[in-house]
Amino acid sequence: MAIVELKNVAKNYAQGLVAKGKGDKSSNAVDNFNLVTRDGEFVVLVGPSGCGKSTTMRMIAGLERNTEGAILIDGKDVSQVPPKERDIAMVFQSYALYPHMTVAENMAFSLKLKKRPAAEIKTHVDEAAQTLGIQHLLDRKPRELSGGQRQRVALGRAIVRDPQVFLMDEPLSNLDAKLRVDMRAEIVKLHKRLNVTTFYVTHDQVEAMTMGERIVVMKDGKIQQIDTPINLYEFPANRFVAGFIGNPSMNFLRAKHADGVVSGDGYQLSLDGGHRPAVISRKMVDVWVGIRPEHLRLSDATATNRIQGTVDVVETLGAVTVVQLSVGEHSVTAQLPGHQKVELGDTLTLSCDSDKLHLFDDESELAIGRESTAQPSAAAEV
Amino acid sequence: MKAISRTAPSAEETGARSFARTTRLLMAPAVIFLLIWMLVPLAMTIYYSFQQYNLIMPMYNGFAGLNNFAILLGDPTFWKSLANTLIIVAASLVVTVCLGLALALLFNRTFVGRGVARTLAVAPFFVMPVVTGLIWKNMLFHPVFGLFAWMARQLGLEPVDWLAHYPMLSVVIMITWEWTPFALLVLLTGLQSLPEDQVEAAKLDGASAWQEFRHIVIPHLGQVLYVVVMLESIFFLTSFAEIYTTTGGGPGTATTNLPYYIFQTVFQQNDIGIASAAAIGAVILANIFAIMLIRFIAGNLNAGAAR
């Protein structure tokens, strides 16, 4: 259990080149990363591939050196401390089990290196095996195990150590879909039980939303937003986060603003108190409007907020029907009730409540107006 | 469903039978090649080992029974050559594997000029054994013109006549020089196939550099090491050119190994019978290593198929 703090952490793989004046700051794989965890928090790092989330995790582990800033565990700067002295356990995407050792030996390895007495090691291993339901596998070699079992062993190897911090690097991405959902719940349960500060890296926003107490959304090495899952969904800080969180992802419409109404080819939407003052005071004309598919519903052609388009694609999923429409130059996805009869080529009118709209600046793509009020984001705390 | 399952096996059986026939047909060239080039000479060697057959005494030719083997076992030079063979194998193995492993670990790191250094380190492997022998004899070991003699003189020391005073050590040095690159190459390939995340996992588990080497690298190299040891053993058993071009098996019998003993018996004593008997001894010795190697490889293939 520990508080992990990252202060202005940056990683530049071409650091030598920067010193010689050949590289520049823009080549930072991770840039200006600030985060303070609570003790025992479950933090998820999420973002598209190459966004620097794994690099950040590897810097916390000490497998990579941060080229700028400081990483503190319980107030102690560990930036220069080698991985073996950081007391951090990591679960790798490939599991990285030692192939020549049995499951029990794999799990006991770290304790054996610490020269703990054999009886104590056995107690710890048995306990961890019981927690994960792998007692019957202890004598097997990793190659005799299924993917899900290997996953459990990898988790077991981490929890046996009782470390200060857990790191999990896409631990579920090699499992099939069904197993992934089960393991997801299991890891959350395990975390609740052990209450160890955990960093979890994934590119899957569903995993992030279901598991994280707080989520760090990253893109191109930079933090886009740090917040609780529900705040990320309701108050995305910019267009990237808005589009990344939620499935199907948010619709974006390029709109003109005039007198508290945003409109474009095939749609017009009036703004409510949350957006209107900000937009009017900034004298904005061009804005991005974001609407989540699940907030769209069928309505008649006279509604104040209306989007009209022709149906291109209908996906009948049973519980819901996902429809794609052409609205002017835009493609809009709407999630309608499952029993809704929709035919290809139909012209539909959709509506959306004004308080469900998201507005983004045309150039900076930052959210306008509405701010998260529930909980200040961690970036602001630092 | 039932009808299908009843007819299916017979179709499968015919398929399997024709598959087996094709397999045999495709393997035939290799098998025939082996028969002609390996079994025929072996059979002839066995035949001659029971014949009295000396080229300069053709009048005494004839069946000798176990006489050749009796002469052989009573010849102290044979026992000496057997001991020399094992010394060469053991000493060269230890040095090439240790040195090869150390170099492999070194070349597995990135450093400036690694490409050039690696090429140079591997170069001796591509030098023919005869040339190796001549290089060492005339350019390095030579007490007058050799590099070592020059170095000794620079330091004010008496030059050493390596081949005369340390013949066995010299032979082992030459063989080691030639074969360390082989161990290096194979072990380096092994090291490069070690997944990076296993090493990282071990680091996070608290392993020191030595523990990482001992518990992760060595077990990973286990199979590769075994193959290197076995292959090198078989090559070292047959070392000949290095000895022929330098010490000529001497001084006395100090560096006469089994292949050299056979060579002397055939081409200097012209005794094909006794040489054949000695060759059978060499075959038996080589087979002990070969069987271990084949068992290991076959075991690995089976394990691979089961995986």
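Chain letters run A, B, ... following the sequence lines, proteins first, then strands; residues in each count from 1.
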If I measure from the heavy atoms of chain B, does [X] come under 4.5 Å with its side chain, its backbone, both, or neither?
| X | result |
| --- | --- |
| A/K112 | side chain |
| A/R86 | neither |
| A/A89 | neither |

Practice problem: Could you check which of A/D87, A/L113, A/L97 has the highest count of heavy-atom pairs closer than 4.5 Å to chain B? | Solution: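 Highest number of pairs under 4.5 Å: A/L113.
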Quiz item: By salt bridge (charged side-chain N to carboxylate O under 4.0 Å, His left out), which residues pair with A/D204, not counting sequence neighbours?
Solution: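 Testing A/D204 for salt bridge (charged side-chain N to carboxylate O under 4.0 Å, His left out), a comparison that skips the adjacent residues, returns none.
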Self-check item: B/F19 atom CZ, neighbour heavy-atom count above 12 within 6.0 Å
Solution: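 No, CZ of B/F19 has 12 or fewer neighbouring heavy atoms, counting only those of other groups under 6.0 Å.
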Between [X] and [Y], is any side-chain donor less than 3.5 angstrom from a side-chain acceptor?
| X | Y | answer |
| --- | --- | --- |
| A/T202 | A/E170 | no |
| A/D169 | A/S54 | yes |
| A/E5 | A/T37 | no |

Practice problem: Under 4.5 Å, heavy atom to heavy atom: which of residues 203-214 of chain B reach chain A? Give them by number, or say none. | Solution: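 Hits under 4.5 Å: B/K203, B/L204, B/D205, B/G206, B/A207, B/S208, B/Q211.
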Exercise. Output the option from B/P195, B/G222, B/A202 having the highest count of non-hydrogen pairs under 4.5 Å with chain A.
Key: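 Highest number of heavy-atom pairs under 4.5 Å: B/A202.
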Practice problem: Show your working on ring-ring contact (aromatic ring centres under 6.0 Å, His included) between A/F109 and A/Y98 and close with a plain yes or no. | Solution: CA-CA 9 Å; A/F109 187 60; A/Y98 311 125; 4.9 Å; yes
Quiz prompt | B/S170 side, atom OG; B/I243 side, atom CD1 - distance, nearest 0.5 Å | solution =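 Separation between the atoms: 11.5 Å.
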Self-check item: A/H203/A/S173 under side-chain hydrogen bond (donor to acceptor under 3.5 Å, both in side chains): CA gap, chis, key distance, verdict
Solution: CA-CA 9 Å; A/H203 61 267; A/S173 55; 5.9 Å; no
